[in-house]
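Heads up: the structure comes next, in structure tokens.
All heavy atoms count here, side chains included; hydrogens, waters and symmetry mates do not. In listed order, ligands and their atoms are each counted from 1.
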Amino acid sequence: MAVLTIPTQAFPDQRPGTSGLRKKVSVFQQPHYLENFVQSIFAAIPDRKGKTLVLGGDGRFFNREAIQIILRMAAANGWGKVMVGRGGLLSTPAVSAIIRAHHAHGGIILSASHNPAGPHHDFGIKYNISNGGPAPEKITDAIWAGSKSIQSYQTLDTADVDIDHDGVFQLDDMTVEICDPVRDYAELMARIFDFETLRRLFNGNFRMRFDAMHAITGPYALEILENQLGAPAGTVVNGIPLTDFGGGHPDPNLVYAKSLADYLFGEEAPDFGAASDGDGDRNMILGRQFFVTPSDSLAALAANATHIPGYHGGLKGVARSMPTSQAVDVVAQKLGIPHYETPTGWKFFGNLLDAGKITFCGEESFGTGSDHVREKDGLWAVLAWLSVIAATGKSVAEIVTRHWQEFGRHYYTRHDYEGIPASAGEEIMATLTAQLPVLTGQTLAGRIVQTTDDFAYTDPIDGSISSHQGLRLLFSDGARLVFRLSGTGTEGATLRIYHEHLEQDAARQHLDPQRVLRELIALGKDLTRIEKLTGRKAPTVIT
Ligand code: G16
């Protein structure tokens with residue numbers, strides 16, 4: 001079959017963000033737009049010839065069309081084999097698991113994560129490397145550079161292939177394998193967790209609800225929770241992936257997973273509730289009338305790791321992204337294991353995991369994971385929590401409140417101002433950056449500002465430096481106020497303000513975080529002048 005070389009012109013806006021390239025579907029539907037980016041990925045992987053690529057997505061609108069385009073281009077660009085999830089479906093953690101299990105060279109994930117889907121919403125694409133994790137900055141920078149100078153791309157002149165039935169066939173010189181999207185992942189979970197113990201949990205009175213939000217985790221949760229662990233039918237709700245996610249916003253937090261939260265805070269609440277996001281890497285954990293912040297979830301899992309079969313030998317170390325609360329650091333100190341603080345973005349955990357420096361890692365943005373794959377993993381977090389509940393016989397609320405008594409409670413809240421004008425976002429950050437030096441030593445929000453900085457990270461494994469990763473005010477009492485612009489939005493800018501304060505007194509550990517943190521919240525609003533610059537009186541989302 002003849003390889004076609006199609007002339008094209010560069011698009012100026014293909015710089016990968018925190019997690020790949022995310023744009024409106026209409027942007028991706030422009031002639032050559034997706035093709036240019038895919039060719040730029042392939043150009044950044046010069047040793048791809050004859051190697052295996054894993055390909056799948058979260059099932060959102062444009063997923064199936066993109067799969068066909070990428071298959072043709074992969075064949076024309078010399079890949080030896082592409083493994084595609086049946087129907088074009090694969091969760092992000094499943095791609096990571098399959099890359100690792102089959103020693104693939106890399107993977108392409110089609111997803112804009114928790115961003116809404118449909119013809120008028122978002123699409124995305126990201127590349128993962130042979131360790132199963134997101135491409136590091138040196139590769140995303142090469143992709144971006146390639147996208148700015150691209151003049152042509154390679155593809156085949158061939159009809160669409162059948163991606164809906166398992167099997168192996170040739171596309172020119174390349175092998176295509178259509179595989180079960182769930183099997184490898186479910187086998188990995190069965191190796192980490194004791195499914196017999198979890199089956200006993202569901203055989204008793206224990207009840208849970210898992211909200212797949214009509215996104216990719218439905219098939220995974222149905223297979224693992226209901227089919228393999230025997231949770232009653234109906235435990236998984238919204239379990240069929242839809243191209244528009246049912247019109248919802250599959251971001252597992254109290255705002256967007258409101259019906260689950262209402263159920264868990266209602267009269268008929270089960271023992272446990274969880275939700276995942278569009279591509280299955282995020283998680284939200286709820287107990288009966290109890291919400292676990294992602295930062296606390298990471299800390300509590302680290303403190304209870306030896307109750308989880310796959311980690312009964314203990315943890316090598318832990319890591320969190322900089323804006324994530326310091327709760328897990330306190331656990332690590334007590335356990336006598338190292339803890340690391342990385343920039344936002346799962347890719348920054350990759351080297352630490354590969355080097356065996358850490359076992360668990362997590363982020364405030366509802367991400368938790370371990371060294372079993374190189375992505376955050378929503379269902380893994382659910383199974384980890386179920387394992388701790390089964391081993392301790394305690395409720396979610398008991399596990400977390402006892403954790404606070406032992407380690408202190410890190411009150412935490414993130415306020416997001418979504419879709420503000422990009423220029424306002426830049427002005428806020430520039431003004432704050434200029435202000436930082438004079439804030440040191442001042443008493444603000446009733447506390448002394450001990451240090452301020454623009455967070456920079458030197459990777460301890462390869463020495464690479466990532467600068468401008470967020471502005472920090474660190475107070476003498478351990479409180480923190482952090483400012484960042486999101487790297488995942490598709491409209492204007494999203495300002496994130498993170499507030500944190502440690503409370504050691506058990507009598508003061510059951511208050512409303514918004515109340516406890518109100519002075520820091522007011523300070524954040526003042527320093528950013530968000531209302532003056534954007535007219536916004538309140539955040540769009542509070543987590
Ligand atoms: C992605 C990244 C995470 C990051 C999150 C929010 O998650 O993988 O590491 O914490 O975005 O990033 P930002 O604050 O820059 O918007 P996901 O689930 O969207 O892929």
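- The aromatic ring centres of Trp380 and Tyr185 sit 6.0 Å or more apart.
- Closest to atom 5 (C) of ligand 1, if we only count protein heavy atoms, is Arg282 NH2, 3.5 Å.
- When non-hydrogen atoms are compared, ligand 1 lies under 4.0 Å from the side chain of Asp281 (C-beta onward) but not from its backbone.
- Taking every non-hydrogen atom of Asp277 and a distance limit under 4.0 Å, the qualifying atoms of ligand 1 come out as 18 (O).
- Heavy-atom contacts of His114 reach the following atoms of ligand 1: 19 (O) (cutoff under 4.0 Å).
- In this structure Glu500 satisfies the side chain to side chain donor-acceptor pair (under 3.5 Å) test together with Gln326, Arg480, sequence neighbours excluded.
- Between Tyr340 and Phe349, the gap from one ring centroid to the other reaches at least 6.0 Å.
- Contacts of Thr92 with ligand 1, taken as heavy-atom pairs under 4.0 Å, are absent altogether.
- Side-chain contact check for Glu375 and Asn128: at least one donor-acceptor pair (N or O, by modelled atom type) lies under 3.5 Å.
- For ligand 1, the atoms sitting less than 4.0 Å from at least one non-hydrogen atom of Gly487 are 13 (P), 15 (O), 16 (O), numbered in the order shown with element in parentheses.
- For the 3.5 Å distance criterion, the side chains of Tyr417 and Arg496 fail to qualify, holding no donor opposite an acceptor.
- For Lys525 (side chain) and Lys537 (main-chain N/O), a donor-acceptor pair under 3.5 Å exists by modelled atom type.
- Under the 3.5 Å distance criterion, with hydrogens and angles disregarded, a donor-acceptor pair is assigned to the side chains of His415 and Gln514.
- Across Ile129, Val373, Thr52, Val54, a single residue satisfies side chain to side chain contact (heavy atoms under 4.5 Å, CB included) together with Ile99, and that is Val54.
- The nearest heavy-atom contact from the protein to atom 9 (O) of ligand 1 is Glu363 OE1, 2.5 Å.
- Ranking the protein heavy atoms by distance from atom 7 (O) of ligand 1 puts Lys376 NZ, 2.9 Å first.
- Scanning the protein heavy atoms around atom 10 (O) of ligand 1, the nearest turns out to be Ser365 OG, 2.7 Å.
- Contacts of Arg22 with ligand 1, taken as heavy-atom pairs under 4.0 Å, involve the side chain alone.
- Looking at Arg484 against ligand 1, only its side chain comes within 4.0 Å, counting heavy atoms.
- Near Gly345, with a cut-off below 4.0 Å to any heavy atom, the atoms of ligand 1 are 9 (O).
- Ligand 1 has no nitrogen or oxygen under 3.5 angstrom from a nitrogen or oxygen of Glu364.
- Residue-level proximity to ligand 1 for Ser19 is carried by the side chain, the only part with a heavy atom below 4.0 angstrom.
- For an aromatic pair to be called close, the ring centres must be under 6.0 Å apart, and Phe61 with Phe123 fails this.
- Atom 11 (O) of ligand 1 has Thr488 CG2, 3.3 Å as its closest protein atom, hydrogens excluded (heavy atom only).
- Regarding atom 17 (P) of ligand 1, its nearest protein heavy-atom neighbour is Ser113 OG, 3.2 Å.
- Of the polar atoms of Trp346, at least one N or O is found under 3.5 Å from an N or O of ligand 1, judged by distance alone.
- Heavy-atom neighbours of Lys357 NZ from other residues, nucleotides or ligands within 6.0 Å: at or below the threshold of 12.
- The atoms of ligand 1 that sit less than 4.0 Å from any heavy atom of Arg496 are 13 (P), 14 (O), 16 (O).
- Surrounding CD1 of Ile461 are more than 12 heavy atoms belonging to other residues, nucleotides or ligands, all under 6.0 Å away.
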